[in-house]
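Notes to accompany the following structure.
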2 protein chains.
Amino acid sequence: MDFNSKYGKCPIYYTISKIQGKWKWVILYKLYKSKMIRYNRLWNDLKPIAHRTLSKQLKELEADGLVHREQYNEVPPRVEYSLTEDGKTLAPILELMSDWGAKHIDSDTEN
Amino acid sequence: MDFNSKYGKCPIYYTISKIQGKWKWVILYKLYKSKMIRYNRLWNDLKPIAHRTLSKQLKELEADGLVHREQYNEVPPRVEYSLTEDGKTLAPILELMSDWGAKHIDSDTEN
DNA sequence: CTCAATACTTACAAAAAGTTTAGTATATAA
DNA sequence: TTATATACTAAACTTTTTGTAAGTATTGAG
């Protein structure tokens with residue numbers, strides 16, 4: 001992350017640099033709502049996201065301790081994603097962001 | 001914005017595509033906290049942001065109806081930025097994001 | 001006549017982010 | 001033997017975003 005001491009004063013900058021990427025908030029929201037979700041399911045919900053993008057962002061979220069990845073060595077393979085305890089602390093923000101979007105899609109559509 | 005009907009189902013995607021950019025949330029937060037702020041002051045607070053970046057993001061926020069720009073034709077010129085009524089509806093999200101960041105900077109620093 | 005102050009804009013360059021296409025591994029089913 | 005399913009990864013490429021450096025406009029002060 002490009003977070004340096006200069007921004008020690010700015011917690012919100014910390015938050016957004018930690019969760020940056022066209023899809024990260026959506027991914028977190030989906031995980032929050034589903035409790036747990038398999039890779040292909042997530043990909044289907046988020047299409048047209050590219051596999052590379054999805055798996056990269058998941059990996060980053062995992063590295064940041066927000067998402068948990070559980071792999072089952074079956075055939076065909078199964079991988080389940082869910083929020084960590086830390087990830088769950090984002091829930092109120094996710095809810096508000098979703099609500100805000102919902103209201104504004106409406107008013108944008110009123111034209 | 002690249003928001004299309006495909007995402008009609010996903011309000012949170014709408015929100016993040018509307019407020020995208022490395023600095024937008026921080027800018028909004030500064031405006032929220034200061035009520036109003038002049039260009040150079042904002043630039044100083046956000047350094048090392050580039051002028052180009054700052055003025056572009058301000059312009060986009062203005063176009064999206066979240067930020068208000070008031071220009072006084074004095075010499076030297078004076079321009080003041082503030083949140084619109086619509087922009088103010090983001091306040092709860094800004095607060096939560098800032099809180100979340102504050103908590104996590106701490107726990108990241110505990111190592 | 002030149003400088004200073006504020007709030008930018010412009011052209012160009014670099015970096016970051018995302019996409020496209022193709023391919024991997026494994027084992028069961030047809 | 002070939003196809004199928006899942007969960008990816010790799011390389012090359014395009015797009016988007018951000019940064020750098022310089023320049024613009026105004027007018028009052030020295």
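Of the residues in residues 51-59 of chain A, those with a non-hydrogen atom less than 4.0 angstrom from any atom of DNA chain C are A:R52, A:T53, A:Q57. Shown for residues 26-43 of chain B: residues whose heavy atoms fall under 4.0 angstrom of DNA chain C, namely B:R38, B:Y39, B:N40. Contact check of residues 65-84 of chain A against DNA chain D (heavy atom, cut-off under 4.0 Å) returns A:R69, A:P76, A:P77, A:R78, A:V79, A:Y81.
Residues satisfying the salt bridge (Lys or Arg N to Asp or Glu O under 4.0 Å) test with B:K59, not counting sequence neighbours, are none. With sequence neighbours excluded, no residue forms a ring pair (Phe, Tyr, Trp, His ring centres under 6.0 Å) with A:W25. Partners of A:E95 according to the salt bridge (Lys or Arg N to Asp or Glu O under 4.0 Å) rule, which considers only residues two or more places apart in sequence or in another chain, are A:K33. B:S82 is linked by a side-chain hydrogen bond (donor to acceptor under 3.5 Å, both in side chains) to nothing, counting only residues two or more places apart in sequence or in another chain. Considering only residues two or more places apart in sequence or on other chains, A:E70 meets the salt bridge (Lys or Arg N to Asp or Glu O under 4.0 Å) condition with none of them. Listed by chain and residue number, B:Q71, B:Y81 satisfy the side-chain hydrogen bond (donor to acceptor under 3.5 Å, both in side chains) test with B:R69 (two or more places apart in sequence, or in another chain). For A:R78, the salt bridge (Lys or Arg N to Asp or Glu O under 4.0 Å) partners two or more places apart in sequence, or in a different chain, are A:E74, A:E80.
Taking the C1' atoms of five terminal pairs at each end of the helix from C:dC1-D:dG30 to C:dA30-D:dT1, the two resulting helix axes are inclined by 30°, rounded to 10°.
Under the ring-ring contact (aromatic ring centres under 6.0 Å, His included) criterion, the residue pairs touching residues 44-70 of chain B are B:Y39-B:H51, B:W43-B:H51, with sequence neighbours excluded.
Checked for salt-bridge contact, B:D45 and B:R41 meet the test: a charged N lies under 4.0 Å from a carboxylate O.
Between the CD1 atom of A:I49 and the C1' atom of D:dA7 there is a distance of 14 Å, rounded to whole Å. Atom CH2 in B:W23 sits roughly 17 Å away from atom C1' in D:dT16 (whole-Å rounding). Rounding to whole angstrom units, CG of residue B:D45 and P of C:dA7 are separated by 13 Å. One can place NZ of A:K22 at 12 Å from C1' of D:dT14, the figure rounded to the nearest angstrom.
Using the six-membered ring where Trp is involved, B:H104 and B:W100 have ring planes that are parallel, under 30° apart on the 30 and 60° scheme.
Put simply, the side chain of B:T15 never gets that close to the backbone of A:S98: no donor and acceptor are under 3.5 Å apart. Looking at A:S34, its side chain never comes within 3.5 Å of a backbone N or O of A:I37 through a donor-acceptor pair.
Counted by atom type alone, B:T53 and B:W23 present zero donor-acceptor pairs between their side chains at under 3.5 Å.
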